[in-house]
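All figures in this text were calculated on a predicted structure; none of them were measured in a lab.
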Amino acid sequence: LLVPAARGAACPSPCRCQALGEARGMHVDCSSRQLRAVPALPPGTRSLDLRNNSLRWVPAGLLDSPPGLRSLDVAGNPWHCDCSILYLKLWLQDLPAAAPGSARCARCARCASPAALRMKPLRELTGNELGPCKRLLPVKCLQFFWRDLVLIAGAIITLLLAAWALKFSKKLVCQLQLRRGSGRARLLSRLTPKSH
């Protein structure tokens, strides 16, 4: 929600920004600021330092807004490792291994809670430890799935009934034609004179 408002903004107020060169973008240092949420990032952000804050999770999509973000350090935060951490875990996995700071941040980012996962590196989390993340799939999608499944089943049943009705009607038409044909044949045989 904060990103669109700050697209034209320069450096977020609690952070320090340093230009990396005209074509190389900007380094945003938000370390040790007691942040509870990731601030809106300037469009040219290439490197982000979020070490030693009070971050527990990162909203999905937030790190995708500066398309050139290549380096991220998130160590020293009390990450809560449930389904809400999945976005950050996957984002860190997608960082190129050669990116500066990428190996460091992936090694040092550790879970603070729940107790069973305390001190476990984010990159080592498995699906079993995160539990069933059903809420990542919107409920409306599930509703559409079941609705579509019922509609498809209804369409198949309707087609089968129509095929059966068509087959039955052909059989009925054939029987009627045979009966009419046999009555005409008798009528014709009565009307035709017998010549001996």
Side-chain angles (χ1 to χ4, degrees), residues 1-7 37-38 40-41 43 55-70 72 74 79-97 99 102 105-106 109-118 120-196:
L1 295 173
L2 300 174
V3 176
R7 287 215 181 251
V38 179
L41 302 174
L55 300 171
R56 293 177 52 81
W57 62 289
V58 175
L62 185 71
L63 299 174
D64 301 328
S65 61
L69 186 59
R70 299 288 178 259
L72 175 66
V74 293
W79 299 111
H80 181 67
C81 296
D82 64 358
C83 288
S84 60
I85 203 71
L86 190 57
Y87 168 73
L88 179 62
K89 174 188 167 19
L90 294 174
W91 200 94
L92 291 172
Q93 284 176 346
D94 287 345
L95 272 179
S102 62
C105 76
R110 297 181 180 274
C111 300
S113 60
L117 299 175
R118 187 168 171 78
K120 182 151 189 166
L122 289 184
R123 64 185 170 90
E124 294 179 13
L125 288 174
T126 64
N128 291 336
E129 291 168 330
L130 291 173
C133 293
K134 290 179 184 174
R135 66 181 175 177
L136 293 178
L137 184 64
V139 174
K140 289 184 179 180
C141 289
L142 289 173
Q143 289 170 347
F144 284 125
F145 170 76
W146 289 113
R147 184 201 65 184
D148 291 347
L149 191 64
V150 167
L151 288 174
I152 290 169
I156 291 171
I157 290 170
T158 303
L159 287 173
L160 290 174
L161 287 174
W164 179 77
L166 185 63
K167 184 178 178 181
F168 181 73
S169 67
K170 282 185 180 179
K171 192 175 188 180
L172 191 62
V173 167
C174 289
Q175 287 177 354
L176 288 174
Q177 286 177 348
L178 285 175
R179 286 183 187 163
R180 284 184 187 165
S182 63
R184 285 183 188 162
R186 280 189 227 134
L187 185 62
L188 284 175
S189 65
R190 286 184 197 161
L191 294 176
T192 53
K194 294 181 182 176
S195 56
H196 293 285

The reported gap from CG in L63 to CG in L90 (rounded to nearest 0.5 angstrom) is 12.0 Å
Mind listing the closest non-hydrogen atom pair of Y87 and V58 along with its distance? CD2-O, 3.8 Å
Looking only at non-hydrogen atoms, find the nearest pair between L55 and V38 and report the distance. CD2-N, 3.8 Å
With sequence neighbours left out, write down each residue that passes side chain to side chain contact (heavy atoms under 4.5 Å, CB included) with I156, or none if nothing qualifies. I152, L160
Minimum heavy-atom separation for C111 and L122, please, with both atom names. SG-CD2, 3.9 Å
Side chain to side chain contact (heavy atoms under 4.5 Å, CB included) partners of A112, counting only residues at least two apart: P78, R118
Which heavy atom of P66 sits nearest a heavy atom of P43, and at what distance? CB-O, 4.0 Å
Working for side-chain contact (heavy atoms from CB on, under 4.5 Å), residues L92 and V74: CA-CA 10 Å; L92 291 172; V74 293; 4.2 Å; yes
Return the set of residues passing side chain to side chain donor-acceptor pair (under 3.5 Å) with W57 (not counting sequence neighbours), or none when no residue passes. none
Can you check whether C81 reaches R110 side chain to side chain, under 4.5 Å on heavy atoms? no
H80 and P114, any side-chain heavy atoms less than 4.5 Å apart: yes
Test side-chain contact (heavy atoms from CB on, under 4.5 Å) on L72 and L88 and set out the steps. CA-CA 11 Å; L72 175 66; L88 179 62; 4.1 Å; yes
Gap separating the CZ atom of R56 from the OG atom of S84, nearest 0.5 angstrom: 8.5 Å
Measure from the side-chain N and O atoms of E129 to the backbone N and O of T126, and report whether any donor-acceptor pair falls under 3.5 Å. yes
Could you check if a side-chain atom of W91 sits within less than 4.5 angstrom of a side-chain atom of L69, using non-hydrogen atoms only? yes
Whether the side chain of K89 engages the backbone of L125 through a donor-acceptor N/O pair (distance < 3.5 Å, no angle test) should be reported. yes
